[in-house]
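Just follow the structure's listing: the first ligand is 1, and inside any ligand the first atom is 1. Atoms considered below: every heavy atom in the structure, side chains included; atoms not considered: hydrogens, waters and symmetry mates.
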Amino acid sequence: MKNEKRLVMALIVLIVMFLTLLGASGDFENATPPQTTEEESVPLDEDLIVVGFSQLGSESVWRATHTESIQNALSKEHGFFLQYSNARQKQENQIKAIRGFISQRVDYIVFAPFMEEGWETVLMEAKNAGIPVILVDRKIAGSEDLYTTFIGSDMEAEGRKAGEWLEAEESRNPLNGDESLNIVMLTGPVGSTSQIGRSKGFLEVARKHPNWKILAQESGDFTVVKGKETMEKLLRQHEDIDVVVSQNDEMTFGAMEAISEAGLTTGIYGKMKIISFDGVKDALELVDNGKINCDVECNPLQGELLAEVIQRLEVGKTVEKEYFVDELVFTKENVRDYLNDRVY
Ligand code: AHR
């Protein structure tokens, strides 16, 4: 009897164990997954689109605004993780930064090329690594296969607008009649898209006017200091300058200092006509008070369009090969309509 009882007890224990095991295995598929540990949890940044951005430098207000526009648009709040690198006007620094982005395997490389030439090798490396490259602000020479798209200004159109403004101004109010119109050009760094395009566009119009005499084309590196230095040199070399075409506002500020120190005047009431590029607020003030005759806009607010283009690429949509930003021409006649809203 004792043995029978033991046998029944053993059987009950076995049945309970069996049912427990069965229950556990039956529940497995619907079981709540184990909580992930700290190390296993997915880092937030992996949800973000990683972009390496190589800016060419910080030579101007325009450039600072351009950088800020891209940093604001490619922020974490908008779904991006931005790696920013400033090349300080050195192409080799940009090449180094791009190589760094390739080895980090970023999702996209964005860069504003300092010069047009010299990118084939590094962009081929990006292509082989399967990383799309987006050019902003300036372009590169060579094959279009090396980049996905370009977002920026039509620099040649900007140069043409400057020429056409002078053409219209001369037909309204010819400075020297049929005599020569003496022009000096302060250019951006030679070999950059802004210098190549703006010079090409302006000279295209100039060629139509046999009396327009281009006395000099000298780089002022897009800076106030070099702009002033170059203008001082040009004033020493040429006595009768009628028009200064200065390819950015920084150089214009420097050149105007040199002109005023030489005892000369500029603008609609002065001796020399000044044509500038960019349209930053300080320059627009000078257009308003008549010291600069014409300022051709170069629009640095490219960040939002860039973010949109990347989002399109992310979902596999097609993108254009180039996107040009909208740009105006400012003169005394229209500048008041824009001055108050100018934030840079
Ligand atoms: O490439 C754009 C030019 O570069 C802007 O005109 C100038 O101000 C900047 O530094």
Side-chain angles (χ1 to χ4, degrees), residues 53-70 86-91 93-94 110-117 119 134-141 147 150-162 185-202 217-228 230-231 244-256 274-284 286-287 292 294-303 305-306 322-330 342-344:
F53 170 37
S54 163
Q55 180 57 283
L56 63 89
S58 45
E59 73 284 8
S60 60
V61 170
W62 188 98
R63 183 70 48 205
T65 312
H66 184 249
T67 302
E68 212 180 294
S69 164
I70 290 177
N86 181 341
R88 301 182 195 291
Q89 313 285 327
K90 288 207 163 62
Q91 184 161 18
N93 290 347
Q94 281 201 289
V110 172
F111 87 111
F114 181 43
M115 290 290 152
E116 288 203 350
E117 301 284 344
W119 303 103
I134 299 176
L135 307 180
V136 287
D137 169 28
R138 299 182 189 172
K139 290 189 165 178
I140 59 161
Y147 62 93
F150 161 82
I151 296 166
S153 305
D154 185 339
M155 304 289 185
E156 213 176 303
E158 288 179 2
R160 218 173 298 121
K161 286 180 200 169
M185 291 168 68
L186 292 180
T187 76
V190 177
S192 64
T193 304
S194 347
Q195 177 269 326
I196 295 171
R198 289 171 188 168
S199 300
K200 188 169 178 221
F202 181 80
Q217 298 183 58
E218 292 255 353
S219 170
D221 283 355
F222 281 149
T223 65
V224 178
V225 175
K226 191 75 193 303
K228 183 174 181 188
T230 310
M231 192 67 221
V244 179
V245 181
S246 164
Q247 289 181 351
N248 91 336
D249 285 339
E250 256 69 23
M251 293 190 301
T252 304
F253 301 145
M256 285 174 71
I274 305 281
I275 301 175
S276 192
F277 289 80
D278 282 357
V280 304
K281 197 174 181 92
D282 286 351
L284 295 192
L286 292 170
V287 172
I292 292 178
C294 165
D295 205 324
V296 179
E297 185 178 32
C298 182
N299 184 352
L301 306 177
Q302 298 167 8
L305 182 54
L306 171 65
E322 54 186 20
Y323 293 90
F324 292 124
V325 285
D326 294 333
E327 301 181 326
L328 297 165
V329 175
F330 302 109
R342 199 42 127 209
V343 289
Y344 56 90

| message | Between R342 and E297, does any NZ, NE, NH1 or NH2 come within less than 4.0 Å of an OD or OE carboxylate oxygen? | response | yes
- Message: So for F222, does at least one of its heavy atoms come nearer than 4.0 angstrom to any atom of ligand 1?
- Response: yes
query = Would M155 count as a contact of ligand 1 if the rule is a heavy atom under 4.0 Å away?
reply = yes
Nearest non-hydrogen protein atom to atom 10 (O) of ligand 1, with distance, is E59 OE2, 2.3 Å
Atom 2 (C) of ligand 1 sits nearest the protein heavy atom D137 OD1, 3.3 Å
Quiz item: With distance as the sole test, does N299 use its side chain to make a donor-acceptor pair with the main-chain N or O of D326 at under 3.5 Å?
Solution: yes
If we number the atoms of ligand 1 from 1 as shown, the ones under 4.0 Å from a heavy atom of R138 are 1 (O), 3 (C), 4 (O)
- Pair W119 + F111: ring centers closer than 6.0 Å: yes
Ligand 1 atoms nearer than 4.0 angstrom to some heavy atom of S60 are 7 (C), 8 (O), 9 (C), 10 (O)
Q. Is it true that the side chains of Q195 and T187 contain a donor and an acceptor less than 3.5 Å apart?
A. no
Practice item. Apply side chain to side chain contact (heavy atoms under 4.5 Å, CB included) to H66 and S60, showing your working. Key: CA-CA 10 Å; H66 184 249; S60 60; over 6 Å; no
Here the atoms of ligand 1 under 4.0 Å from any heavy atom belonging to S194 are 1 (O), 2 (C), 3 (C)
Q. Is the shortest N/O to N/O distance between E250 and ligand 1 below 3.5 Å?
A. no
Could you check whether T67 and Q55, counting side-chain N and O atoms only, form a donor-acceptor pair closer than 3.5 Å? yes
heavy-atom search around atom 6 (O) of ligand 1 in the protein gives D278 OD1, 2.5 Å
Does some non-hydrogen atom of R198 fall short of 4.0 Å from ligand 1? yes
In terms of side-chain heavy atoms, does S199 have a donor or acceptor partner in Q247 at a distance below 3.5 Å? yes
